[in-house]
Protein chains: 2
Amino acid sequence: MATDADHGGQMPPEPSTERRPARAVNTAVQVRDALRDAILKGEYLPGERLVEAQVCERMETSRFTVRAALADLAGEGLVEVRRNRGAHVRKVSMAEAVEITEVRMMVEGLIAARAAELVDPDRATELDEIGVLMRRAVEAGEHRRYSDLNQRLHALVQEIAGHATADRIVETLRGQIVRHQYMLSLVPGRPETSLPQHERIIAAIRDRDPKAAEAAMREHISSVVEALRAIDYPGS
Amino acid sequence: MATDADHGGQMPPEPSTERRPARAVNTAVQVRDALRDAILKGEYLPGERLVEAQVCERMETSRFTVRAALADLAGEGLVEVRRNRGAHVRKVSMAEAVEITEVRMMVEGLIAARAAELVDPDRATELDEIGVLMRRAVEAGEHRRYSDLNQRLHALVQEIAGHATADRIVETLRGQIVRHQYMLSLVPGRPETSLPQHERIIAAIRDRDPKAAEAAMREHISSVVEALRAIDYPGS
DNA sequence: TGCTGAGCAATTGTTGACAATAATGGGAAA
DNA sequence: TTTCCCATTATTGTCAACAATTGCTCAGCA
């Protein structure tokens, strides 16, 4: 629980990269969440140094609190702290992004299978509805809407599966690669590729077929891995 | 209170469970590691409160450092800190232990498959050797030795797979359920059940058959889940 | 006897200052 | 002009003290 990550998932973080003062943030968890949001939104770039004093000023809080927040985020894999060298926004390489997505593939496979076992008629209907909306969004070329539906689909599947541990892991992993996922969403023709995959996932869960659901989910994320590998820009 | 919890890792850690002063531990990471060891060894019981001042005294360090260590361990899921209520050793219920093991099953499946793809003749030989030693240990009834070999096997498979992300996840998850795993090792007839499973895993990796390796690993950990469910003691 | 609530002790949350360490820049020698 | 070394500076690591919160004890009352 906690970390209900409704942070900017797969879609662009709007170029509003101006650093607003972010007023009146006090407690440790608030600072942590605010800082996470800031990183996820791209207000701090990967590799950028997070000087404690600066973050203090921005969050209007003390170094102690900032430090605690930084430690937390390090645990989530969002920042990297090296002794006496301060905290940096973790720069996940393409290779790491692939690894992370591979692990996610396995865990989301478990979630999909579990969802297929536990789904009830109401939820099944809900899934089908999302499927219909997704197809419409793709046909209309509404990428933003499709991306939102994508998140809704995964969230619903998680909810049906009710596997808290798997959810936690997936959420943590997802946070680490938002940037790469964003790059992915720019690849042309991506929705057309993923739509049928999503539809297969939905169908398998609706039909209460755990093996098929897992296979479909894995196939889906496997294609994400492929796409990631295909981008394969250098450095970083 | 509660000084003797003489179970640790996978096997009993010798009954020397007196809380030694743990001399000269200073830096933050040292304190963190020492505290983690203490928890994993069962020197602190699940649910037990970790009063900062007491830990300070034991580790011979300041509250600041202890606090940082506790935050880290909270990130690993070993302790739970509630605001204004202090830190407790996290008490993972049987249901949670099952969930955690399920996720581990998926990720270790990935590791096994990857190992089967990447194994080289030298490592294959090493795997076979461990397999032979395991069989001998079971036949001789040397449970402790078998347990050690079990860890060595998993470690070697991880090394072959070279999947840092998966390793990290598995390690974190493993840490959260050491206690339950220890309970498991007490179940009579467990080695006899798991030996053939381990042998199948080894064979599949040696034969460079990723699918079989994943299936074998999943079957293995799936049987662990079953055993866990079978224990199913109340409470906690 | 059981319950309520105020006061108290114990424990955690927070702050600011100080020490230790790494990054920076300038000056001297080759 | 380039390179190396040392002093300076910026930044993090650590600490001890103070403030705030929690849970508990025990007196008083129904």
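Just so we're on the same page: letters track the sequence lines, and every chain starts at 1.
- Between the base of D:dG13 and the side chain of A:R63 there is a donor-acceptor pair shorter than 3.5 Å.
- Contact record, B:V157 with B:A112: CG1-CA, 4.2 Å, taken as the closest heavy-atom pair.
- The nearest whole Å value for the distance from the CG atom in A:N84 to the P atom in D:dT14 is 8 Å.
- Rounding to whole angstrom units, CD of residue B:E57 and C1' of C:dT11 are separated by 15 Å.
- Here D:dA16 presents its C1' atom at 14 Å from CD of B:E52, a figure rounded to the nearest Å.
- Heavy atoms only, all atoms of each residue included: A:V89 and A:P46 are closest at CG1-CA, 3.7 Å.
- Rounded to whole Å, the distance from CZ on B:R85 to P on D:dT21 is 14 Å.
- Put simply, the side chain of A:S147 never gets that close to the backbone of A:H143: no donor and acceptor are under 3.5 Å apart.
- Note on A:L70: nothing from the nucleic acid sits closer than 4.0 angstrom, heavy atoms only.
- Classification of the A:F64-B:F64 ring pair by plane angle, with boundaries at 30° and 60°, yields perpendicular.
- One interatomic measurement links the two molecules: CG of B:D72 to P of D:dG13, which rounds to 12 Å at whole-angstrom precision.
- Side-chain proximity of A:V51 to the nucleotides D:dC15, C:dG13, D:dT12 is greatest for D:dT12.
- Proximity note for A:R49 (side chain, C-beta onward) versus C:dT21, D:dT14, D:dT11: the nearest is D:dT11.
- Under the 3.5 Å distance criterion, with hydrogens and angles disregarded, a donor-acceptor pair is assigned to the side chains of B:H154 and B:N150.
- Side chain of A:F64, nearest nucleotide from D:dC15, C:dT14, D:dG13: C:dT14.
- Among the protein residues, A:R83 comes within range of the sugar-phosphate backbone only, with heavy atoms under 4.0 Å from sugar or phosphate atoms but none that close to a base.
- Distances shorter than 4.0 Å separate some side-chain N or O of A:S62 from OP1 or OP2 on C:dT15.
- Taking atom CZ of residue B:R32 and atom P of nucleotide D:dG13, one finds them 13 Å apart after rounding to whole Å.
- C:dT11 atom P lies 14 Å from atom CZ of B:R67, rounded to whole Å.
- One atom, CG of A:L50, and another, P of D:dT12, lie 9 Å apart when rounded to the nearest Å.
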